[in-house]
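Since the structure comes first, as structure tokens, the remarks are kept for the end.
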Amino acid sequence: MDKEIANLFREDLIFIEDGKKSEDILKKIGKKLFQKGLVTEQFIDGIIKREREYPTGLDLRIVDKEHLIPNVAIPHTESKYCKVKNIVVVKLKNEIIFNNMISPADKVKVKFLFIILNNEKEDQTNLLGSLMDFFTKKENLHTLSKLENPREIYNYIVKQK
């Protein structure tokens with residue numbers, strides 16, 4: 001991952017969580033981010049609303065036909081709800097259903113969330129592009145799915161090129 005994007009990851013913003021629904025996990029992580037002072041009080045409602053209107057589940061079978069790598073979601077919301085520019089990683093203990101980014105009526109079982117916090121009004125295209133490059137290298141998500149703690153996940157992500 002290029003240095004500019006790698007700098008957006010922080011070890012304290014990598015979580016391993018359990019949840020049953022996408023909304024539940026977004027609320028849980030949103031509360032943690034609010035307590036850290038990284039987002040506004042309206043962040044949770046904003047990210048849930050945006051996820052309903054513009055789903056972010058990514059079916060990675062297009063990259064891995066055997067489906068050995070987990071699917072991801074890339075939730076984000078408007079810059080007015082974010083106080084920083086970071087990428088939050090959430091590894092889910094069990095897959096959670098998200099709607100598909102490409103085909104919103106379809107459901108995708110997701111194992112990782114890469115939540116974009118962007119307090120700048122600029123376009124997020126470069127962030128999304130870098131994340132997509134990371135996801136489409138099968139070994140990256142395959143390795144991440146085996147790692148058990150935030151430090152290992154952080155170290156792996158920031159060392160990828």
Side-chain angles (χ1 to χ4, degrees), residues 1-10 13-30 33 43 46-79 81-82 85-118 120 122-150 152-161:
M1 197 159 299
D2 76 34
K3 189 173 177 150
E4 179 186 342
I5 302 299
N7 287 337
L8 298 178
F9 291 90
R10 293 178 15 190
L13 296 181
I14 297 179
F15 304 97
I16 298 175
E17 294 291 340
D18 202 9
K20 299 214 184 291
K21 293 178 167 180
S22 60
E23 217 169 272
D24 297 340
I25 207 74
L26 292 173
K27 285 179 184 175
K28 187 185 281 191
I29 298 302
L33 298 175
F43 174 84
I47 200 165
I48 290 171
K49 180 177 187 259
R50 189 171 194 302
E51 189 65 36
R52 278 190 207 126
E53 294 171 359
Y54 304 100
T56 64
L58 191 57
D59 186 346
L60 291 172
R61 284 182 290 185
I62 57 172
V63 176
D64 178 24
K65 304 254 185 273
E66 295 86 41
H67 203 55
L68 300 174
I69 61 172
N71 295 318
V72 301
I74 314 169
H76 51 283
T77 190
E78 289 77 21
S79 60
Y81 303 129
C82 303
K85 188 171 183 177
N86 285 113
I87 299 173
V88 178
V89 179
V90 182
K91 179 179 181 181
L92 299 166
K93 292 180 182 176
N94 299 298
E95 293 176 317
I96 292 178
I97 300 292
F98 274 74
N99 285 39
N100 189 315
M101 178 188 299
I102 306 300
S103 180
D106 295 340
K107 308 289 184 202
V108 178
K109 288 182 179 179
V110 167
K111 185 74 174 173
F112 283 94
L113 306 181
F114 286 77
I115 301 171
I116 297 173
L117 304 179
N118 187 0
E120 299 172 4
E122 69 185 42
D123 190 16
Q124 300 182 138
T125 308
N126 63 332
L127 286 175
L128 291 169
S130 290
L131 288 174
M132 293 302 287
D133 287 346
F134 181 80
F135 301 151
T136 56
K137 291 179 182 135
K138 287 195 270 190
E139 64 277 2
N140 286 338
L141 287 171
H142 184 70
T143 300
L144 280 185
S145 64
K146 294 178 180 180
L147 301 178
E148 297 296 324
N149 68 60
E152 291 175 329
I153 293 169
Y154 171 78
N155 287 335
Y156 182 79
I157 289 172
V158 299
K159 289 178 182 169
Q160 295 313 300
K161 301 209 181 334

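Values below: every heavy atom of this structure, side chains too, minus hydrogens, waters and symmetry copies. Because the structure is predicted, anything quoted here is derived from the model rather than measured.
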Please identify each residue that fulfils salt bridge (charged side-chain N to carboxylate O under 4.0 Å, His left out) with Lys28, with sequence neighbours left out. Glu17
With the threshold set at 4.0 Å, does a side-chain nitrogen-carboxylate oxygen contact exist between Lys85 and Glu120? yes
dist Leu13:CG -> Tyr154:OH (nearest 0.5 Å) comes out at 10.0 Å
When you look at Leu117 and Leu33, which way does the side chain to side chain contact (heavy atoms under 4.5 Å, CB included) test go after all the steps? CA-CA 10 Å; Leu117 304 179; Leu33 298 175; 4.0 Å; yes
Do Asn155 and Ile153 have side chains that get closer than 4.5 Å, going by heavy atoms? no
Drop me the distance from Asn149's CG to Ile16's CD1, to the nearest 0.5 angstrom. 6.0 Å
Applying side-chain hydrogen bond (donor to acceptor under 3.5 Å, both in side chains), can you list everything that pairs with Lys107, at least two apart in sequence or on another chain? Asn99
Mind listing the closest non-hydrogen atom pair of Pro75 and Thr56 along with its distance? N-OG1, 3.4 Å
Please confirm whether Phe114 and Phe135 have ring centers closer than 6.0 angstrom. yes
Mind checking salt bridge (charged side-chain N to carboxylate O under 4.0 Å, His left out) for Glu152 and listing every partner two or more places apart, or none if nothing turns up? none
Nearest 0.5 Å, please: how far is CG in Asp18 from CD1 in Ile25? 7.0 Å
Quick one: does Glu23's side chain have a donor or acceptor within less than 3.5 Å of a partner on Ile48's backbone? no
Go through the structure and list residues passing salt bridge (charged side-chain N to carboxylate O under 4.0 Å, His left out) with Arg50, not counting sequence neighbours. none
A side-chain contact here means heavy atoms from C-beta on lying under 4.5 Å apart; do Ile5 and Leu127 qualify? yes
Pair Lys111, Asn71 - check side chain to side chain contact (heavy atoms under 4.5 Å, CB included), show working. CA-CA 6 Å; Lys111 185 74 174 173; Asn71 295 318; over 6 Å; no
The reported gap from CG in Leu131 to CG in Leu8 (rounded to nearest 0.5 angstrom) is 9.0 Å
Does the side chain of Pro55 reach to within under 4.5 Å of the side chain of Phe98, using non-hydrogen atoms? no
Within the 4.5 Å heavy-atom criterion, are Phe9 and Asn86 side-chain neighbours or not? no
Start with the C-alpha distance between Ile115 and Ile47, add both sets of side-chain angles, then the distance that settles side chain to side chain contact (heavy atoms under 4.5 Å, CB included), and finish with yes or no. CA-CA 10 Å; Ile115 301 171; Ile47 200 165; 3.8 Å; yes
Could you pull out all residues at least two apart from Lys21 that satisfy salt bridge (charged side-chain N to carboxylate O under 4.0 Å, His left out)? none
Do the side chains of Arg10 and Val88 get nearer than 4.5 Å, heavy atoms only? no
Report the C-alpha distance between Val89 and Leu113 in whole Å, list the side-chain angles of each, state the deciding distance to 0.1 Å, and finish with yes or no for side chain to side chain contact (heavy atoms under 4.5 Å, CB included). CA-CA 6 Å; Val89 179; Leu113 306 181; over 6 Å; no
Write down the atom of Gly46, the atom of Tyr81, and the distance for their closest heavy-atom approach. CA-CE1, 3.8 Å
What is the distance from atom CZ of Phe112 to atom CD1 of Ile74, rounded to the nearest 0.5 Å? 13.5 Å
Check whether more than 12 heavy atoms from other residues, nucleotides or ligands sit under 6.0 Å from atom OH of Tyr54, and answer yes or no. no
Lys138 side chain reached by Val63 side chain, heavy atoms, under 4.5 Å: yes
Shortest non-hydrogen contact from Ile97 toward Lys109: CD1-CG, 3.5 Å
Here the gap from Lys91 atom NZ to Ser145 atom OG, rounded to the nearest 0.5 Å, amounts to 6.0 Å
If the condition is side-chain hydrogen bond (donor to acceptor under 3.5 Å, both in side chains), which residues does Asn100 pass it with, not counting sequence neighbours? none
